[in-house]
Amino acid sequence: MHPSFRLLPLSLCIAVALPAYAAEDVEDWGLCPIEDAVPAFADVPVSDAVPEDDRTTLPTDIAGDALNATQEDSAVFQGNVELSRGDQFLGTDKLTYHSEEGTYVAEGSVRYQDAGMRIVAERAHGDQEADTHVIEDLRYQLTRRRGNGGAERIELEGDQGALIGSTYSTCPPSQRSWELRAQRIDIDTAEGLGVARNATVRIGKVPVLYVPWLMFPIDDRRRTGLLWPSIRMSSRNGFDWRQPVYLNLAPNYDATLTPRIMTERGVQLGGEFRWLYPGGRGELWGEWMPKDKLPEDEPERYLAGPEQGVPTDNRGQFRFKGVHNLGSHWHAMANVGWVSDTHYLEDFSNSQFAVSAWNLRSEVGLFGRGLYWDAGLMADHNQLADYTLTERNLRYDRMPRAFVNWAQPFGDWLELGVNAEAVQFRHDVRDEGSRIDLKPYVAMPLEGNGWFATPKVAWRHTSYKLDDALAAANGGDASPTRSLPIASLDAGLFFDREFVFRDEAWLQTLEPRIYYLNIPYEDQSNLPIFDTRPMTFSWGQLFRDNRYTGPDRQVDANQLTTALTTRLISREDGRERLTASIGQIHYFEDSQVVAPSEQPVERGESAWVAELGVSPSDRWSINAAYQWDPKYRRQDLASIRTRYLIGDTGVVNLGYRYRRGLTEQVDLSFLYPVNQNWSVVGRYYYSIEDRKLIESIAGVQWESCCMAVRLVGRRYIRERNGDLDDSLRLEFELKGLGSAGQKSEEILSRAILGYDREDLYLVPPSTVDAGNFDNSLDPIP
């Protein structure tokens with residue numbers, strides 16, 4: 001009876017053929033009832049999946065209530081007939097097998113199950129010699145992913161087969177909100193392809209989409225062909241159609257061509273080429289538009305900034321990323337980008353990031369990392385991507401830059417290390433030079449059960465080679481140097497106590513900490529500024545030996561930081577319910593080293609820095625930061641963010657941020673579930689300082705077990721001059737199949753923290769500093 005199992009792998013391929021080309025996105029099935037189109041077989045255990053190639057090597061077990069051998073070439077199993085092999089099970093009321101002809105008939109309650117699906121059918125018959133099989137009147141339930149359906153008949157012949165009158169849906173049978181039907185699906189398991197004919201998508205009983213012919217894969221093999229298109233409508237682009245074409249060139253590399261038609265602007269061609277090999281990977285991406293009508297229609301916008309010009313021809317963007325491994329410690333890396341003009345990012349993206357990105361940084365290099373060291377030899381280049389700025393605003397290119405960092409413990413109480421860097425700075429319109437920076441140090445990390453103390457002594461030597469113009473602007477010395485000792489002591493204590501409050505056990509900590517820093521003063525006004533700027537004052541700066549981001553300035557200091565942190569930890573679940581910190585720097589002398597346009601730090605006290613994090617329950621989270629300057633009796637920073645979770649899906653976020661002289665903003669966002677199916681979403685992000693809206697969102701969404709509809713209106717800053725744009729997005733999603741309309745989930749996930757409940761932690765407000773953003777990330781939209 002082993003040959004009768006031959007129909008099972010093919011029937012499995014056919015049964016899942018229609019859902020195979022459906023989208024396999026991660027969906028939320030929380031609204032679905034516990035209901036299967038094919039309930040689990042109570043008397044059949046579920047086994048782990050077995051690869052199809054391994055099934056043929058496993059034995060087949062046959063059981064039944066009775067065996068009748070009426071003739072020499074016939075055998076009839078009756079009553080609870082069960083065949084099992086690995087994770088496969090086939091059950092029926094009656095199984096007749098004619099060994100001479102090689103034919104079989106399974107009748108009455110035909111049941112099939114493996115680790116991925118369940119099938120019930122009325123009848124199955126076939127010819128093993130001719131390798132033809134027919135399964136009649138079947139229903140199936142996918143178990144590895146959600147989906148169910150049925151078919152009038154399955155016809156199999158060798159590697160070929162057909163599904164007649166098939167259906168597929170992710171909805172339960174009692175709530176058939178949508179269903180995909182196909183009159184006929186032809187399957188070729190050898191090629192891994194299927195062709196659906198006369199397929200319709202029905203919402204309820206109403207057909208909304210008809211596809212006369214559609215080819216799709218039924219396995220994981222990659223194939224050349226069309227991918228799902230992207231269709232949009234906007235006032236700027238008009239009717240916007242992207243049609244990706246996938247090219248399966250080889251097992252380890254492929255390509256995608258993406259022609260795009262914008263009725264108001266023209267035709268664009270995009271492409272991507274990816275490759276993998278044992279030593280690394282890479283990606284080449286670009287897009288090109290031979291003629292753009294948008295600049296011709298709005299020429300005044302392109303003449304507004306210092307980088308004037310109307311870019312109409314050969315507009316495009318390029319990106320290359322690659323990594324090649326060189327043994328266990330070293331690798332080569334490249335990340336190169338280019339845009340044709342300074343308006344490109346703004347014109348071809350609908351995100352606020354394109355408005356804030358002002359340069360593209362390209363980088364290539366050789367990098368290594370070991371147990372106690374890391375090093376690199378690299379070069380980078382900056383390209384202007386903001387038409388409101390000039391080339392002079394660009395950072396220096398580092399061509400090349402070599403660095404090494406080494407820190408190694410020797411025993412339990414000694415650590416030696418060095419930070420070294422050599423850079424050649426290049427710029428198209430600014431004066432140039434080179435710099436070598438060395439910072440060896442020795443530290444003694446001492447600690448006990450309730451204390452730590454780390455004295456540290458370092459020596460910083462920095463030398464320059466400047467061109468004539470830059471030397472003249474910095475005092476006439478073409479080779480200035482600076483050498484300074486740096487001494488510090490970082491020490492702290494840990495106290496804790498346990499107590500019971502309202503029948504709950506708690507642990508409270510008290511963590512005082514001091515940080516003393518001493519660096520003598522040396523006049524550095526003759527040193528250039530290549531890549532150094534003052535850091536925004538925050539909690540982390542209380543314990544640093546330099547308030548500048550680079551070595552062009554090394555602060556002089558005779559100062560002591562005193563800080564105190566306390567935590568309240570629940571013994572029941574180990575969560576920190578409260579964290580509070582406060583600290584201040586005491587300057588015993590004036591700090592005279594300054595960067596251009598910066599005032600010296602006077603003797604006295606710095607601003608108080610305070611941070612607070614409170615989680616009074618699993619639903620509430622509050623984070624706050626505050627800085628108060630006692631010398632001028634003013635607040636330098638005030639920030640608060642609160643989050644409240646509503647039910648299983650809802651969330652409300654409220655934030656306020658003020659930093660003196662830089663920004664004052666308020667941000668409200670929410671996802672409010674009106675009931676089990678309906679919810680409203682919104683965001684109001686407003687700059688009080690500028691009296692201007694940054695972004696507002698209002699929308700409503702309806703969601704059931706297997707369907708979702710979203711209508712979202714959005715008003716946001718689209719252009720660098722602050723002009724606002726409006727958009728209205730309507731999306732229909734059939735879960736497990738795909739969506740139609742403009743996708744809105746990405747925008748909502750970005751705008752509403754906790755929208756998808758996957759990333760609900762709040763970044764402490766002090767670390768999100770509006771005055772310390774770095775817009776050097778890859779800005780490809």
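- Remark: Phe495 pairs with no residue by the ring pair (Phe, Tyr, Trp, His ring centres under 6.0 Å) rule, at least two apart or across chains.
- Annotation: side chain to side chain donor-acceptor pair (under 3.5 Å) contacts involving residues 481-498, sequence neighbours excluded, comprise His461-Ser483, Thr462-Arg482, Arg482-Gln524, Asp490-Arg513, Arg497-Gln508, Glu498-Arg571.
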All N/O donor-acceptor pairs, side-chain side in residues 593-600, below 3.5 Å, sequence neighbours left out:
from, atom 1, to, atom 2, distance (Å)
Glu598, OE1, Tyr548, OH, 2.7
Glu598, OE1, Ala595, N, 2.8

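- With sequence neighbours left out, Tyr686 forms a ring pair (Phe, Tyr, Trp, His ring centres under 6.0 Å) with Tyr684.
- Residues satisfying the salt bridge (Lys or Arg N to Asp or Glu O under 4.0 Å) criterion with Glu576, sequence neighbours excluded, are Arg567.
- Residues satisfying the side chain to side chain contact (heavy atoms under 4.5 Å, CB included) test with Gln424, not counting sequence neighbours, are Pro400, Arg426, Ser434.
- Side-chain atoms of Asn526 and Asn474 include no donor-acceptor pair closer than 3.5 Å.
- Take Ala453 and apply the side chain to side chain contact (heavy atoms under 4.5 Å, CB included) test, not counting sequence neighbours, and it matches Trp451, Ala491.
- In this structure, the side chain to side chain contact (heavy atoms under 4.5 Å, CB included) partners of Ala420, at least two apart in sequence or on a different chain, are Val404, Leu438.
- Every residue two or more places apart in sequence or in another chain was checked for a ring pair (Phe, Tyr, Trp, His ring centres under 6.0 Å) with Trp406, and none qualifies.
- The ring pair (Phe, Tyr, Trp, His ring centres under 6.0 Å) search around Trp628 returns none, not counting sequence neighbours.
- Applying the salt bridge (Lys or Arg N to Asp or Glu O under 4.0 Å) definition to pairs two or more places apart or across chains, those involving residues 437-461 are Asp437-Arg460, Lys439-Asp545.
- Taking Asp503 as the reference, nothing meets the side chain to side chain contact (heavy atoms under 4.5 Å, CB included) condition, with sequence neighbours excluded.
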